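The block underneath contains the structure these notes are about, expressed in structure tokens.
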Amino acid sequence: MVAVAARAPRVTGRPVALGVLGLAVFALALEVGPRAGLVPIRYAPPTSQILVTLGEQVGRSAFWVALLDTLRTWAEGLLIAVVAGIVVGVLLGSVPFLRAATATTVEFLRPIPSVALIPLVIVLYGPTIRSTLVLVVYAAFWQVLIQVMHGVADVDPVARDTARSYGLGAWARIRYVVWPTALPYVVTGVRLATSVALILTITGQLVIGSPGLGKEIDNAQQSDAVRVVYALILVTGLLGVLANLATRFVERRVLAWHPAIRREEVTPA
Amino acid sequence: MRRTFVALLAAAAVLATAACGDSSDGASDPAPGQPDKVNAGVIAILDVAPIYLGKQQGFFSERDIDLTLTTAQGGAAIVPAVLSGEYQFGFSNSISLLLATSQNAGLKVVCNGNNSTGVDGQDFAGLFVKADSPIQSPKDLAGRTVAANTLKNIVDTSVRASVKKDGGDPAAVKFVELPFPQQVAALDAGQVDAIFVVEPFQQAAVDAGARKIASSYVDTAPDLTVAMYFTSTKLLGENPDLVARFTEAMKESLAYADAHSDEVRDVIGTYTQIAPEVRAKMTLPKWPTEINTASVDALAEAAVADGLLTRKPDVAGLLP
């Protein structure tokens with residue numbers, strides 16, 4: 001039901017080269033399109049201009065402050081969501097009574113889009129980092145929670161009963177039986193939550209005006225600086241790529257013992 | 001591996017607590033001998049250049065004010081933040097302040113913000129149509145659609161003033177809400193018949209070949225006070241000395257900005273992303289130190305005539 005640690009591509013020369021080639025073709029299309037007049041150059045600047053503008057932005061201290069604010073909001077939101085998701089998920093997953101009592105509520109709250117809370121957080125906290133943090137936590141929490149609950153439900157009944165008959169306490173059972181089973185699910189949940197948290201971080205800054213890259217994008221738009229808008233969007237895209245690489249790396253480290261990962265590790269070099 | 005994870009959990013918990021605990025610390029009760037920490041909410045537009053310039057020149061620090069400027073996306077977000085005490089001072093356009101006053105919001109203007117240049121055809125904002133549009137003057141806008149960045153605010157009030165002055169029927173003009181960055185493109189595409197833009201979008205409109213048919217802020221009232229700095233009546237009651245010092249520093253900043261337009265163009269580059277070549281040629285507002293009371297009164301009357309307000313607000317009570 002849940003993709004456990006989706007297979008990472010084998011890193012050989014060819015796929016990487018192909019990936020770079022694809023990116024180059026994409027960049028070229030965005031360079032040629034505006035210059036050939038296919039799209040208005042004023043609203044869709046060519047790649048080369050965007051890159052030059054990005055170079056100028058990197059020299060601004062405001063850019064780095066915004067980048068740090070974005071990373072901070074993102075990381076804090078993600079950590080809160082992951083910790084809360086794991087704790088609540090294990091609790092709800094292991095106590096049938098609690099799970100039954102909360103199932104309807106969870107299914108009611110989970111589909112509410114985080115952005116729908118924007119009017120609420122603006123009234124509560126104004127254009128602050130905390131407002132955006134609420135959105136990030138709300139969106140990322142469910143990703144983790146649902147995965148953890150599935151993971152806990154996946155525990156082998158024989159293993160669970162064996163642990164119980166050997167007299168393991170609740171904590172020991174969670175640690176030695178539930179946790180290893182749930183871990184691949186947790187990692188998947190964290191990976192999903194990471195990208196969702198980034199999306200909500202930028203959205204919150206853009207819409208609420210809390211400090212960060214999203215707010216800088218808005219500022220650039222209000223300054224009629226179209227190229228800057230594109231350059232900053234490029235940065236947010238790069239953040240997403242880096243986040244994906246990082247979570248994949250962590251996934252392989254944390255689940256090194258897991259069959260799904262181990263299979264690849266034995267591929268002859 | 002498990003130990004690492006437990007450590008990570010602990011770190012997360014600490015971070016989470018820290019995140020929840022960092023409240024926005026406002027002004028009030030500094031240690032003796034320390035400058036007052038003041039947070040002011042502004043909008044990242046050229047109108048507020050004087051406060052940035054004044055901060056740079058030390059006009060605030062020499063009056064024991066440690067000024068932090070925070071940009072919000074509009075006056076609508078600043079008014080509640082000043083009322084809640086998150087900002088001690090704020091910047092907002094005159095109509096928004098009149099609307100807030102009519103709801104007894106507890107605001108008090110402390111200083112002038114910025115004014116139109118008062119010169120028709122050479123203001124920092126303007127009403128534009130396409131080059132080949134049949135619309136020749138504001139009265140031709142009857143039955144036409146005009147883009148305004150915010151409805152029921154200073155833009156539609158001013159555009160109606162232009163139409164009225166030109167002998168047209170202001171009630172026959174239709175307005176549609178469209179953010180400034182989208183207006184030039186919307187005019188080009190024929191989605192609207194006219195747009196009202198401020199700098200730097202006025203330069204974009206000129207570059208796109210649009211034709212200026214009115215300087216609506218000029219038509220609204222002579223030397224119109226477009227926006228003002230304000231505080232809450234609560235802060236004014238608790239710390240009149242701080243408000244007086246802020247007002248003094250602000251007036252010095254306005255006078256300095258009005259006399260040093262090159263420095264103004266430079267400082268605008270520090271808090272906006274407006275390109276240097278656009279900054280060099282755009283029209284700047286005027287920054288008189290004193291509020292043009294008659295123009296605010298005219299705005300209040302226009303707001304009543306246009307149906308934004310049912311009753312004229314207490315202008316004298318709002319202004320210092």
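Values in this document were obtained by computation on a predicted structure and should not be read as measured data. In what follows, chains carry the letters A, B, and so on, assigned in the order in which the sequence lines appear, proteins first and then strands, with residues in each chain numbered from 1.
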Cut-off 4.5 Å, heavy atoms of chain A, and the answer for Val184(B) is both
Whatever's closer than 4.5 Å to a heavy atom in chain B on Val207(A) counts as backbone
Applying a strict 4.5 Å limit to non-hydrogen atoms, the region of Ile208(A) in contact with chain B is backbone
For Leu127(B) and Ala194(B), the nearest pair of non-hydrogen atoms, with its separation, is CD1-CB, 4.3 Å
Whatever's closer than 4.5 Å to a heavy atom in chain B on Tyr43(A) counts as side chain
So, the part of Ala62(A) with a heavy atom under 4.5 Å from chain B: the answer is neither
Bottom line for Ala185(B): the part with an atom under 4.5 Å from chain A's heavy atoms is both
So CD1 of Ile51(B) and CZ of Phe91(B): to nearest 0.5 Å the spacing works out to 9.5 Å
Comparing Ala208(B), Ala275(B), Ala204(B) against chain A, the one with the most heavy-atom pairs below 4.5 Å turns out to be Ala204(B)
Turns out that what part of Ser84(B) lies under 4.5 Å from chain A's heavy atoms comes down to neither
Heavy-atom nearest pair, Gln183(B) first then Asn149(B), reads NE2-N, 3.6 Å
Quiz item: When you check the side-chain N and O atoms of Gln202(B) and Lys212(B), is any donor under 3.5 Å from an acceptor?
Solution: yes
Taking the ring of Phe196(B) and the ring of Phe175(B), is the distance between their centroids below 6.0 Å?
no
Could you check whether Glu76(A) pairs with Arg72(A) (Lys NZ or Arg NE/NH1/NH2 to Asp/Glu carboxylate O, under 4.0 Å)?
yes
Okay, Asp224(A) and chain B: the region with an atom under 4.5 Å from a heavy atom over there is both
Taking the ring of Phe89(B) and the ring of Phe230(B), is the distance between their centroids below 6.0 Å? no
Interface check, chain B: of Arg60(A), Arg42(A), Glu216(A), most non-hydrogen pairs under 4.5 Å belong to Arg60(A)
